[in-house]
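Inspection log for the structure reproduced underneath, given as structure tokens.
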Amino acid sequence: MLPIRCPWCGEREQTEFSYGGEAHIVRPTDSADLTDAEWGDYVFFRTNPRGLHYERWFHAFGCRRWFNMARDTVSGAIHGTYRPGEPRTDVPDAPRVPVAGGDGGEG
Amino acid sequence: MKRYSIFSLVRNALSYHENWPKAWRSPDPKPAYDVIIIGGGGHGLATAYYLAKEHGITNVAVLEKSWIGGGNTGRNTTIVRSNYLMPESLALYDHALKLWEDLSQDLNYNVMFSPRGLLHLAHNVHDMQEIGRRGHAINAAGVDSEFVTREQVKAMVPIINLDCRYPVMGGLLQKRGGVARHDAVAWGYARGADARGVDIIQNCAVTGFRMDGGRVQGVETTRGFIAAPRIGVVVAGNSGALAAMAGFRLPIETTPLQAMVSEPLKPIIDCVVMSNTIHAYISQSDKGELVIGGSSDPYNSYAQRGSFDQIEHVVGPIVELYPALSRIRLMRHWAGITDITVDRSPIMSKTPVEGLFINCGWGTGGFKATPGSGHVFAHCLALGDLTPMAAPFTMDRFHTGALIDEGAAAAVAH
Amino acid sequence: MAQPLRLAAGGRVDRGRTLRFTFDGRTYTGHPGDTLASALLANGVRLLGRSYKYHRPRGLYSAGAEEPSALVTLGAGARAEPNTRATQVELFDGLVARSQNAWPALGFDVSAVIGAFSRFLPAGFYYKTFMWPKSLWMTYEKVIRDAAGPVHGPRQADPDRYEQRYAHCDVLVVGAGPAGLMAALAAGRTGARVILADDQPEAGGGLLTDPAGIGGGAGLDWVRATVAALADMPEVTVLPRTTVVGYHDYNYLGALERVTDHLPPDAGGNAPRQRLWKIRAKQVVLATGAIERPLVFADNDRPGVMLAGAARTYMNRFGVLPGREMVVFTNNDGAYATALDAASHGARVQVVDLRPDPRGPLPEAAREAGIPIHAGATVCGVAGSKAVTGVRVRALSDDGKGLAGPAKSLPCSVLAMSGGWTPTVHLFSQARGKLAFSADLGAFVPAAGDPLNPNRPAGACNGSLGLDACLREGREAGLAAAHDTGHVADHPPDLPLADSLPQEPPRLLWTLPAEKAGTAGEKTQFVDLMGDVTVADVRLAEREGYASVEHLKRYTATGMGTDQGKTSNINAMAIMADARGVTIPEVGHTTFRPNYVPVAFGAVAGRSVGDLFQQARPTAMHEWHVAQGAVFEDVGDWKRPWYFPRPGETMHDAVQRECKAVRTSVGIVDASTLGKIDIQGPDAADLLNMVYTNAWSKLGIGRCRYGVMLNEHGMIFDDGVTTRLGEHHYHMTTTTGGAARVMSWLEEWLQTEWPDMRVFCTSVTEQWAVAALNGPRSRELLAGLTDIDLDPETFPFMAMKEGTVAGIPARVYRISFTGEMAYEVNVPAGYGLALWQALMDRGAAFDICPYGTETMHVLRAEKGFIIAGQDTDGTVTPHDAAMDWIVSKKKADFIGRRSLFRADTMRPGRMQLVGLLTEDPAVVLPEGAQVAERAQAGQAFAAIGHVTSSYMSPNVGRSIALAMVADGFNRTGQTLSVPTLDGRVHRAVVGGTVFFDPEGERARG
Amino acid sequence: MAEQQAPITAPIRRGPLDGRAPVTADGVSLTLPAFAGKLVLRGGSDDGAFTAAAAKVLGAGLPLAPNTAARGPRGLALWLGPTEWMVHVDADTCDALAAELTAAFAGLHAAVVDVSDYYAVMRLGGPRARDVLAKGCPLDLHPDRFDVDHCAQTRFVASAILLHQVDVGPTYDIQVRWSFADFLWTYLADAMREFTSR
């Protein structure tokens, strides 16, 4: 059970949260112009890294806010949480993780 | 390979078992093979075995970064069944089940496949509709499946509490389903493949692919470069990492799946019982341990460890459904790492790299598919193309939308 | 004398009180402070069980959690507790225990004959046999299964209670031996919040075995003073009888407190049997001690062969002499303390030491005490089957690999052995800690902790076996752990001086030469007693290639027993290393997994079983439904009335009656469980336009509209009616099962994708109780109870008005899930029952009929209204569901829109929702039945679809069904086959989905 | 159309725990406080116009610090999230207050939602209240971490709860959804059983 620091409520146990998958995947606004493959990439394909993962969590039993978390999928280390729209938690020495879509716009 | 038989057993007993040969060799890798299988789990070893046995392709290496059978093959709850909903899945898993039925004899290695019956419980109207649909679909495909009443459930599982919080309304039974001895599957395939000339190379991690003009040339490993024109990636739990080495992504997320065993008891549950609503499944190993699992931990992880609250989420329902097990003790729990696709169906596919094939995404249910997965994938590798049984499971389906959606159609986890 | 081996004095037992207990039906006595093991030993009971595989006689091997042999079934009936270590059971009056794995009796076990065939049953023999003929495997397997488990489990429900609780602390100290006590004291002095957990009923750890002095006094006096000091610290919690069983990430640890297990059944009052503590600790000090290693020699599993430290524990803690004639067999100095103590109690003691010339202070003391020492020698045989009667001893060759000289027979009733000590690193390893092999100790010791789980091993757990080192490391660890949580002691405790004798290094010989050469000798040298794994098995595993440490474990079952190999693992690794010709660290170790000791499922489930398993959610009208005899349906966690049977009615009767009543007069259904979301803000319509497929910008205030939500895959995932309450104010309804999901869905998109949208969504699901009136006389009924003008001109279909109903403030929605004239009356939930009763009272004049979900489903099916999740399954687009009309062609975007234009979703011939009418109108197809173009009874067929909904409709006057059929829209008029599992093949004609009132006039009337 | 007629009996408003007798044990009791009106206020913590309007009507500022509650002349405001507060008021004044707030929020991006009946509140008090809560609530309720007029949305076993510490007793008010109230009450009463002598 991870202790997760909600950016609003502070540290709470994982059982108060639900997981929302990879963060910073921007929904295409020009979907009509996308090929099936490009659209399929957005809907189904994820980075799924071994290592640093930027991901979304929802404080379902708390303030009901979505936020982002940087966590290592191997070591289990949580490097930080931050609100949507805030810059990513800087993780020194962490491997650079490619982001969906390549250019990594903030969500 | 020296065949196992009553005679060999007696003969070796008389010599105090001092003359048994190695079950498989530990050769040094050759510079080049016709086919390389990356991943020495059940699926990879089965692929190698069938490549040699069915297709005569014996110049094959299986590269395992650690010890064979050490991934999900050795960490699952050993359940074998084929009662899936979608026709494509049914065909594939029942192909596997038919291979299971003769596997011990085929391998000359007792994998202890035990078709003791597998029961899905229905606890509400929605469950009844779900098993109603699945039961009929399975029967339509000519696979065995029957509905059982509450009373029949009780007769099959006397310690069940039918009137638990979600009363048991009925069930769906696949008599041919059951369990097998998970480690033995890897060992039996390894022994069989080895006997046919396949090199099983343990402690050999792949560190990269060598490619030329979009074609794979071979793999870089911790034991040097090994060439092969055709390579199959069969590395559940690490598929994404291998795909990244080859420069493509997969529609997969990797999550922990936990399981546990109790202390051993004399037989108390004689079939496999699964429940979607209560979300736990249970069987009893031949050693007498209750083998229990539930749903995956929700988040991406490669750590082979899950969260204790997930254990509680499984054990609570088990005690609710089987109150007599409350005093039985949970001996050990552990986690495997599973590659989950959005439609809960596997991927057997060509990749953007020519000559490189991938077999992954079996999620929480790969063990049962082991022989079928190996058999079909071996055929694909031999053919250089996808067979009809594999064709629906390509990665393309995530672009066209032609999902094989066992998840959406409410198939059970695991 | 009742307890022949009980010492006259000494130990921690209360001889003033006598407790009676039975083992295998015979009554014995013991004293408070005894364990079942010590009491049995005091009574001279040697034979306690039979081994797992060969049914060899087994006795007491240890005095703690590592016990691999003395497993009993405690209690009886519903309280029977199999596989219980006698060493961990505190004795109480009336305790009942039985031996396991023996039939018909422990002393005469028929299955022991298996031992004679042990040569045919080496490791892995299962994999090589039982394959012929194939048809017999299930028969073989039954025999294997029946033989394998040691004992039957209880068949009745467990009558005991289990509790759980969360706890938070700065420092958790695991183990209340000298290191742990010192750590807790040091940390406690800083004011930090400390939890000290120990598995024994009293603190002291190794000091309960070893009466060493501390600070100039008796060690146990220091323990007493320290415990008293801890009790005076308000932020310190001491948990005796509490075993830390699992160490999870971020210092989250599970600890099992045995609250009343030491009391007779039902003597614990309202206290639970056990309590699982779930502790989040900022820092952890692991003072878990060490476990003694057995030596591996022929017949080292006989009853009477035990660990030397355990033998000492029985003397010093329990006041029991393990035997009057003792041979101590050791590779180290420590075991001489056992010899000295036994001699002081009058036992005849001899020592066999693998080392040629032991000269440490303890061996010298033994010499002075006149204890014979057979140095440079080994035990190579044990006499006695059900109890040791003597040992054979021979000199070792210089390299320790062979025997030299003649055999001597030493008579004895107990053989106390010591192969050195293995630090108890289980929790450290579970916490991702890295281990390193210590050649000095011959064991793995903590090397590097993982930053995720800040902890400090101290004392024996850390490989520091001396008492002085334990105290020093405990103090340092306690202070440092507290410091790391921001706590510093003004007056840290002084480090007391401790009695510690220097010891010479052990002679590590992992296997000892046997008199018989090769496998013949190795097959009675037990490595893992619980799994009956011998040296021969380990060597066979290597020979066959199962050489990795994990293959060894799995092939031989080493370490797979309920003791998880606490006494066997390191020996097995060492023997494998020898077989492979590599070092022990090259072999490595297996992963330590939770639980450290097995934990009752009941404790993991806690109180959340039975009535407290999972809440059953009632609506505001629930008690009325109960009083009316409603049969309930579980919908998620909700209890919804399924149907309201009248006396003598079957479900079918009731549903047919209810269905007719609604369409002829008026029915009332409790629709409170539908999800409800209050949506407010200037951009609310924009949100609706994105989450629904149809257009919302032009919906008038006070008007309602049906909408369908898609996921981004383009598949229907929920539906419902949304009403515009004001300029920027909407009220959304969802399906019952989808309520939480849709709420989260809206929040997700708003917060993560469209943060600039000015919309607030607030769940109001249970604010409103909903009674829905359906039927041609619904208006007439409602009119008598409301101040709302129900004139259909001003209050048409798909409109909402506010007013009072039965004097209650209400919102009334003219929406219909039955196709009838209908009014859904929403009132604050507190008035739900009052509303319902008023409607029923007034409705009596209209023959009002309460109906449940089943009738609701029939009525909506008559109209072809889908139920998301029944007629759709996550693979269905609106087009597939024959609902093209709900997809806006004008909107540039909505969630899931792009997916509707993929190759597969545009493909002709997809599964499409159609109506099916059986040729025989009396046949109600089973839901889920598969549809074929043509099928023959009893034969496999290619299914082209399946029945999603199927009912006998009294209003249509026949059966009706909805089905998803491939290319269904183009099959209108086709006759399809529907085989059922009873072997029949029904024929049914494809048609539209609306079976009743196709013009829809009734709802609008 | 028929004339409207008076209802046969005057409507009775009731909560899911009505009629529950208090549960007592050594050092802890479980009781029902008086029924309160409950309003959810929505608006931005950083929206000065909204917070000012709310403060003006309520007579006291909304608690802007997470996990805190503030008592004002018209009721108790509990922080739920950065855009959300729960206001407990005297039931009789709830409608009027809601109307005043709605009026005060005119033109703002703000909302008032009456949830009086959605939730029930039960009160757990006494020196052992923390021990009872610890059986299902993962929060650290040590007084150094959670004190009077701290509040938190969290869980007790499977129930989502709003926990508010009322006094140093400690006394806690536990708000839960209607359909979970009976279950939570039963669970808490069961959790107290350990502290009863019979």
Side-chain angles (χ1 to χ4, degrees), chain B residues 4 9 13 16-18 20 22-24 67 70 104-105 109-110 112 114 124-125 129 132-133 136-137 139-142 159 165-166 183-184 263-268 286-288 308 311-312 315-316 318-320 323-334 400-402 405 408-410, chain C residues 81 83 119-120 122 126-131 134 141 144-145 148-150 152-158 248 254 519-520 540 543-545 548 550-551 554 562 593-594 598-602 604-605 608-609 613-614 633-634 873-875 902-905 926-930 940-941 943 946 981:
Chain B
Y4 296 149
L9 204 61
Y16 291 101
H17 304 283
E18 288 176 357
W20 286 112
K22 291 264 188 283
W24 56 85
W67 42 282
S104 293
Q105 287 71 29
Y109 199 99
N110 192 347
M112 305 175 85
S114 170
N124 54 42
V125 174
Q129 288 167 337
R133 178 181 174 192
H136 282 100
N139 267 283
I159 61 166
R165 165 65 181 84
Y166 301 104
D183 293 321
E263 296 181 341
L265 293 173
K266 293 263 185 231
I268 190 165
D286 283 349
K287 279 164 65 183
F308 184 70
I311 297 289
E312 296 179 89
V315 171
I318 286 290
V319 175
E320 173 69 7
L325 299 184
S326 170
R327 290 181 100 81
I328 305 306
R329 298 191 199 88
L330 195 176
M331 180 162 73
R332 188 164 59 233
H333 59 91
W334 66 88
T400 64
D405 209 334
Chain C
E81 193 187 353
N83 300 315
R119 157 189 295 206
F120 297 99
Y126 290 111
Y127 309 127
K128 299 187 177 93
T129 184
F130 300 126
M131 289 179 276
K134 180 188 156 193
E141 193 202 31
I144 293 168
R145 290 188 69 203
H152 289 287
R155 300 288 165 139
Q156 303 105 303
D158 185 348
H248 310 282
T519 306
L540 175 63
R543 192 175 300 130
E544 294 194 89
S548 97
E550 285 285 349
H551 284 160
R554 290 153 184 267
T562 72
R593 299 194 187 286
V599 174
F601 284 120
V604 181
S608 298
V609 293
F613 174 59
Q614 181 79 272
E633 178 187 357
D634 283 307
D873 64 2
T875 68
R902 290 174 301 173
D904 192 71
T905 34
E927 286 173 352
Q930 300 292 299
F941 59 94
H946 74 281
L981 261 56

Sort [X] into side chain, backbone, both or neither according to what part of it lies under 4.5 angstrom from a heavy atom of chain C.
X: B:Ile268; result: both
X: B:Asp286; result: both
X: B:Ala402; result: both

Tell me, side chain or backbone of [X] under 4.5 Å from chain B's heavy atoms, or both, or neither?
X: C:His946; result: side chain
X: C:Glu633; result: side chain
X: C:Leu540; result: side chain

Considering all heavy atoms, the nearest [X]-[Y] contact:
X: C:Val604; Y: B:Phe308; result: CG1-CZ, 4.2 Å
X: B:Trp24; Y: C:Gly545; result: CZ2-O, 3.9 Å
X: B:Asn110; Y: C:Tyr126; result: CB-O, 3.2 Å
X: C:Ala605; Y: B:Gly316; result: CB-CA, 3.7 Å
X: B:Ile328; Y: C:Pro154; result: CD1-CD, 3.8 Å
X: B:Ala141; Y: C:Ala940; result: C-CB, 3.9 Å

[X] side, atom [atom1]; [Y] side, atom [atom2] - distance, nearest 0.5 Å:
X: C:Phe601; Y: B:Ile311; atom1: CZ; atom2: CD1; answer: 9.5 Å
X: B:Ser326; Y: C:Gln156; atom1: OG; atom2: CD; answer: 12.5 Å
X: C:His551; Y: B:Trp67; atom1: NE2; atom2: CH2; answer: 5.5 Å
X: C:Tyr127; Y: B:Tyr4; atom1: OH; atom2: OH; answer: 11.0 Å
X: B:Thr400; Y: C:Arg902; atom1: OG1; atom2: CZ; answer: 7.5 Å
X: B:Tyr109; Y: C:Lys128; atom1: OH; atom2: NZ; answer: 7.0 Å

Does [X] use its side chain to pair, donor to acceptor, with the backbone of [Y] at less than 3.5 Å?
X: B:Arg165; Y: C:Gln614; result: yes
X: B:Gln105; Y: C:Met131; result: yes
X: B:Lys266; Y: C:Gly149; result: yes
X: B:Glu18; Y: C:Thr519; result: yes

As an exercise: rank [options] by heavy-atom pairs under 4.5 Å with chain B and give me the winner.
options: C:Thr905, C:Leu981, C:Val609; result: C:Leu981
options: C:Pro122, C:Ala148, C:Gly153; result: C:Pro122
options: C:Arg543, C:Glu927, C:Arg593; result: C:Arg543
options: C:Ala903, C:Ser608, C:Gly254; result: C:Ala903
options: C:Ser548, C:Ala943, C:Pro150; result: C:Pro150

Let's test your reading of the structure: which of [options] forms the most heavy-atom pairs below 4.5 Å with chain C?
options: B:Asn139, B:Leu325, B:Asp183; value: B:Asp183
options: B:His333, B:Arg327, B:Lys287, B:Glu320; value: B:Arg327
options: B:Ser104, B:Gly70, B:Gly401, B:Gly288; value: B:Gly401

I want to check something: taking the side chain as every heavy atom from C-beta on, are [X] and [Y] in contact at a cut-off of under 4.5 Å?
X: B:Met112; Y: C:Glu141; result: no
X: C:Asn83; Y: B:Leu265; result: yes
X: B:His136; Y: C:Gln930; result: yes

Quiz prompt | Reference residue C:Thr562; test side chain to side chain contact (heavy atoms under 4.5 Å, CB included); the match among B:Glu263, B:Arg332, B:Arg329 | solution =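 Looking at B:Glu263, B:Arg332, B:Arg329, the match for C:Thr562 under the side chain to side chain contact (heavy atoms under 4.5 Å, CB included) is B:Glu263.
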